[in-house]
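To start, the structure under review is shown below, and the notes come after it.
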Amino acid sequence: MAHGLARRDVVRGLAIGVVVTGFDPAARQWLSGSAGRGGVSVPPLTGRLLFDEADLAAASDDFGHIVHRRPRAVLQPGSVDDVAVMVRFCHDLRIPVAARGQGHSTYGQAQVAGGLVIEMGTLDAIAVDGDQATVQAGARWSALLRATLPLGLTPPVLNDYLELSIGGTLSVGGVGGASQHYGAQVDNVLELEVVTGTGQRAVCSPALRPELFTAVLAGLGQCAILVRATLRLRPATGNVRHYILFYPSVPALTADQRRVALDGRFSFLEGEAQPVPGGGAGWQYYIEAAAYYDTTPPDDSALIGDLNYIRGTEQIGNLSYFDFADRLAPAVAFLQSTGEWYDPHPWLNVFLPGSATDGFVSSVMAGLTTADIGASGVILLYPLLTSALRMPLLRVPNEDVVFLFSLLRTAAPDTGALSADVMIAANSALYRQVRHLGGYQYPVGSIPTTRSDWRGHFGPAWPLVVDARHRYDPRGILTPGQGIFPSPHPGQFPGP
Ligand SMILES: Cc1cc2nc3c(=O)[nH]c(=O)nc-3n(C[C@H](O)[C@H](O)[C@H](O)COP(=O)(O)OP(=O)(O)OC[C@H]3O[C@@H](n4cnc5c(N)ncnc54)[C@H](O)[C@@H]3O)c2cc1C
């Protein structure tokens with residue numbers, strides 16, 4: 001099975017013209033048509049360089065709908081060379097640049113005020129060879145899974161929502177219910193091709209330029225743009241036995257989660273909190289687990305008979321592997337139909353030390369109401385084993401078992417939820433407590449973060465981040481929306 005990378009690029013390139021023709025370094029503005037002759041010419045591209053209002057507005061927004069930074073141009077690359085050529089152009093003129101996958105960050109992480117946004121979605125080729133897949137960074141996980149499953153293969157770790165770009169999740173880490181076995185998505189990468197902040201194409205792997213490989217994975221786009229990845233695949237089963245098991249409290253939930261994470265009996269393990277039914281105050285908790293199988297379903301009593309869930313509350317069913325992996329799709333379609341999918345999402349995502357999880361989460365939940373997360377808000381709580389998490393820039397506490405705790409808030413005031421501002425202030429306060437306990441943010445949410453916070457966040461890995469930045473992006477043009485390093489020209493570009 002193969003989708004040819006090169007042929008596809010050529011075909012796309014023939015179909016698309018170029019709009020912007022130059023850049024005026026004195027006025028710091030893009031030029032189009034014949035006006036471009038007076039400035040520095042934009043190199044020939046096979047893709048499209050746009051500065052229409054609609055394109056700029058789309059690139060000034062994300063899934064959070066909280067932060068809006070307007071770029072001056074948007075590149076839809078027709079090839080990897082387009083990315084390299086335009087990054088070199090921006091490097092020479094000190095124009096800030098950000099790659100945008102599916103824009104599902106929630107706080108402007110893929111935005112760039114006055115610079116260039118590169119929409120990676122046009123680079124989405126996928127090729128499967130043996131037990132490896134080579135993908136362009138703009139491909140989505142859903143497309144990869146559709147390509148691998150007919151061959152009996154799957155990426156080892158899938159995120160809960162499959163419509164995220166592979167480059168976007170490899171830039172942050174990528175965790176899911178199989179991470180207890182296989183680590184994060186960044187732990188399953190064999191090789192990368194990147195475009196550095198000087199516009200150089202470079203291949204890297206654990207053996208070839210290992211310092212670049214390490215700095216790119218979960219590196220938040222600070223030293224290079226990821227354009228291609230070779231990923232490990234695993235045999236996939238056809239079916240999944242799916243379990244929902246309810247618990248009355250955080251300690252009851254986490255005790256069983258720890259136990260089953262450590263003995264590895266489930267293929268997939270997550271957990272959530274939800275309001276107690278009937279509109280009363282308080283929360284109930286559940287394990288969501290799965291056992292993968294082909295023909296004979298697993299023995300339920302062997303898997304859950306010794307667990308301390310509330311008897312009679314268990315929900316058990318069978319799903320195909322793809323339907324299980326894509327289980328959020330119906331809920332997403334529903335939220336899109338009600339419009340809540342497009343409301344602000346001030347998310348908090350943190351990794352907690354296992355030893356502090358029960359105390360911290362119990363105290364947060366005691367003060368939390370549905371107004372704090374919104375009617376369609378989701379609360380995640382599930383364990384990860386740090387022995388499987390090997391990439392140093394994905395920062396997790398220094399304990400064997402850590403927990404992902406996420407308040408996936410929706411600020412929809414017409415449904416009685418608090419405003420986005422109030423939720424962000426709450427995120428800030430919780431983040432301080434989490435850092436005090438030795439926890440870290442998973443940097444996909446909406447937490448105002450200073451440069452000194454970032455130094456603390458990366459801790460012993462900070463020199464790695466700084467060295468890679470100096471070496472591969474010496475003019476500091478890449479991914480300013482993360483707020484880790486000063487931007488070269490913050491907000492200085494006039495309109496076109
Ligand atoms: C509904 C939903 C469900 C989610 N579920 C999960 C989950 O189960 N597990 C999980 O781990 N995360 C999850 N996330 C978080 C998600 O992994 C991150 O928000 C991720 O960054 C989104 O991917 P994206 O393609 O939208 O990236 P974007 O938001 O477009 O980009 C994220 C960051 O990476 C940079 N970037 C993007 N592409 C590249 C590239 N090719 N090279 C270099 N830098 C790049 C951007 O500049 C930006 O800084 C979820 C998010 C949403 C909205």
Side-chain angles (χ1 to χ4, degrees), residues 58-59 61-65 67 69 71 77 80 83 87 96-112 115-124 135-142 157-179 183-186 192-197 215-229 268 270 325 327-329 331-332 335-336 340-342 345 347 349 351 376 378 380 382 384 389 394 404 406 408-410 442-446 472-473 478-484:
D61 198 9
D62 55 31
F63 184 74
H65 309 300
V67 169
R69 299 193 191 99
V80 170
V83 177
V87 172
V97 180
R100 176 185 168 98
Q102 286 297 312
H104 278 71
S105 313
T106 64
Y107 209 50
Q109 287 92 333
Q111 297 177 28
V112 49
L116 177 72
V117 167
I118 303 180
E119 282 184 357
M120 300 299 294
T122 49
L123 299 181
D124 63 351
V135 299
Q136 287 187 317
R140 301 184 197 192
W141 289 97
S142 58
V157 180
L158 290 165
N159 17 257
D160 295 334
Y161 180 51
L162 298 181
E163 306 310 328
L164 305 170
S165 79
I166 294 173
T169 69
L170 293 183
S171 298
V172 297
V175 295
S179 289
Q185 289 169 335
V186 288
L192 296 173
E193 183 179 356
V194 303
V195 171
T196 69
V216 170
L217 291 172
L220 306 178
Q222 296 304 297
C223 67
I225 291 177
L226 205 161
V227 291
R228 177 176 57 77
F268 171 104
E270 293 195 1
R327 66 199 174 285
L328 286 196
V332 170
L335 292 175
Q336 288 173 341
E340 285 165 272
W341 187 253
Y342 309 104
H345 292 106
W347 283 10
N349 298 270
F351 293 115
S376 60
V378 172
L380 297 176
Y382 66 84
L384 300 156
L389 299 169
L394 178 61
L404 175 72
S406 299
L408 306 182
R409 309 178 195 253
T410 302
Y442 180 39
V444 300
S446 308
Y472 294 106
D473 181 18
L478 292 179
T479 324
Q482 297 284 359
I484 299 172

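Both ligands and their constituent atoms are indexed starting at 1 by order of listing.
Here the side chain of Thr106 pairs no donor or acceptor atom with the backbone of Phe63 at under 3.5 angstrom. Not one N or O on the side chain of Gln336 forms a donor-acceptor pair closer than 3.5 Å with the backbone of Trp341.
Closer than 4.0 angstrom to ligand 1 by heavy atom are Phe63, Ala99, Arg100, Gly101, Gln102, Gly103, His104, Ser105, Gln109, Ala110, Ala137, Asn159, Asp160, Tyr161, Leu164, Ser165, Gly167, Gly168, Thr169, Ser171, Val172, Gly174, Val175, Gly221, Ala224, Ile225, Leu226, Trp341, Trp347, Tyr442, Val444, Thr479, Gln482, sorted by chain and number.
For Val83, the side chain to side chain contact (heavy atoms under 4.5 Å, CB included) partners are Pro77, Val87, Ile118, Leu123, Val195, Ile225, Val227, not counting sequence neighbours. For Arg140, the side chain to side chain contact (heavy atoms under 4.5 Å, CB included) partners at least two apart in sequence or on another chain are Gln102, Ser142, Glu163. Residues forming a side chain to side chain contact (heavy atoms under 4.5 Å, CB included) with Gln111 (at least two apart in sequence, or on another chain): Asp62, Val67, Arg69.
No hydrogens or angles considered: a donor-acceptor pair under 3.5 Å links the side chains of Glu340 and Ser376.
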